[in-house]
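The structure appears below as structure tokens.
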There are 2 protein chains.
Amino acid sequence: MSNKNNITEEQKKMARYAKAMGHPVRMYVLELLAKGNCCYSGDLTEELPIVKSTLSQHLKELKEAGLIQGEIELPKIKYCINQENWKEAQQLFQKFLKL
Amino acid sequence: MSNKNNITEEQKKMARYAKAMGHPVRMYVLELLAKGNCCYSGDLTEELPIVKSTLSQHLKELKEAGLIQGEIELPKIKYCINQENWKEAQQLFQKFLKL
DNA sequence: CTGAATGTTCGTCATTCTACGAAATACGAA
DNA sequence: TTCGTATTTCGTAGAATGACGAACATTCAG
């Protein structure tokens with residue numbers, strides 16, 4: 001009986017990170033935040049060609065993937081990179097891409 | 001009038017590459033091929049928990065993203081990494097992830 | 001209490017994705 | 001021409017995605 005369980009947990013995790021990055025809007029947000037620039041949802045709404053509810057959905061995707069986190073600074077929410085998971089993503093992609 | 005055209009072509013390109021990587025099966029295939037191991041569709045069918053038609057669809061996705069290419073070795077087809085685009089993906093992710 | 005500001009959630013629609021099985025295609029050997 | 005092999009394509013079903021606008025929730029200033 002051949003073994004069909006060859007996909008590793010690491011590959012699954014990378015697929016999750018890659019999926020979260022698989023949309024230009026989310027790439028834009030990640031690159032902005034990775035530059036060390038936290039930002040507010042409202043500001044992003046001014047910079048991106050989508051309505052705020054769609055942006056909210058994208059930010060939710062990134063949060064659920066663990067790549068960003070939001071800190072409440074009433075009345076706004078400040079988004080920034082989740083450093084722990086960002087490091088993990090860096091390591092995984094570095095290894096995968098042989099950088 | 002605020003400028004909403006802030007998403008760069010580079011970010012769009014990275015999103016396309018990331019999207020192609022956004023499934024565990026495709027991550028498995030890419031990692032296998034990135035190890036320098038070309039392979040045949042039939043062999044992959046033995047190693048993965050999906051039917052050959054679904055695998056064919058995934059390979060098509062990777063080809064359309066430009067990450068792999070297939071060479072005819074009748075009666076089989078040999079898949080391997082598209083080195084040119086692989087290098088580009090490496091460079092893009094290296095810059096994006098600040099590696 | 002009211003209204004404004006900020007952001008989220010919901011419902012909807014259209015599209016895409018991912019699985020499958022059946023059918024089709026291409027090729028070479030016999 | 002037929003058969004076997006390898007792979008792709010097609011049609012289908014259900015789930016997921018990504019866009020929108022409307023409604024909702026929370027907070028705060030007046």
Taking atom [atom2] of [N] as reference, at what distance in whole Å does atom [atom1] of [X] sit?
X        : N       : atom1 : atom2 : value
Leu59(A) : dT6(C)  : CG    : P     : 16 Å
Met27(A) : dG18(D) : CE    : P     : 14 Å
Lys19(B) : dT15(C) : NZ    : C1'   : 10 Å
Ile72(A) : dA5(C)  : CD1   : C1'   : 15 Å
Lys52(A) : dC24(D) : NZ    : C1'   : 11 Å
Tyr79(B) : dA6(D)  : OH    : P     : 14 Å
Leu55(A) : dG21(D) : CG    : C1'   : 16 Å
Leu44(B) : dA6(D)  : CG    : C1'   : 13 Å

Completion exercise
In terms of heavy-atom contacts, Ser41(A) and Leu55(A) come closest through O-CD2, 3.4 Å
Closest to the [X] side chain: [options]?
X        : options                  : answer
Lys76(B) : dC20(C), dG18(D), dA6(D) : dA6(D)
Ile77(B) : dC20(D), dT8(C), dT7(D)  : dT7(D)
His23(B) : dT8(D), dA19(C), dT8(C)  : dA19(C)

Assess whether a salt bridge exists between [X] and [Y], defined as any Lys/Arg side-chain N lying under 4.0 Å from an Asp/Glu carboxylate O.
X        : Y        : answer
Glu73(A) : Lys76(A) : no
Lys95(B) : Glu10(B) : yes
Lys19(A) : Glu61(A) : no

Problem - Residue met sooner reading DNA chain C from 5', once His58(B) and Lys60(A) are mapped to nucleotides - result: Lys60(A)
Problem - Base of dG21(C) paired with side chain of Ser53(B) (donor-acceptor, under 3.5 Å) - result: yes
Just to be sure I understand the rule, does [X] reach a base, reach only the sugar-phosphate, or reach nothing, if contact means heavy atoms closer than 4.0 Å?
X        : answer
Ile50(A) : sugar-phosphate
Lys78(B) : nothing
Ser56(A) : base

Fill in the blank from the handout: 5'-most contact on DNA chain D (nearest-nucleotide basis), Leu74(A) vs Gln57(A), goes to Gln57(A)
Fill in the blank from the handout: Comparing nearest nucleotides in DNA chain D, the 5'-proximal residue of the pair Gly22(A), Tyr40(B) is Tyr40(B)
Handout entry: Quiz item: cation-pi between Lys78(B) and Tyr40(B), 6.0 Å / 45°
Key = no
Handout entry: Below 4.0 Å: OP1/OP2 of dG18(D) and any side-chain N or O of Thr54(A)
Key = no
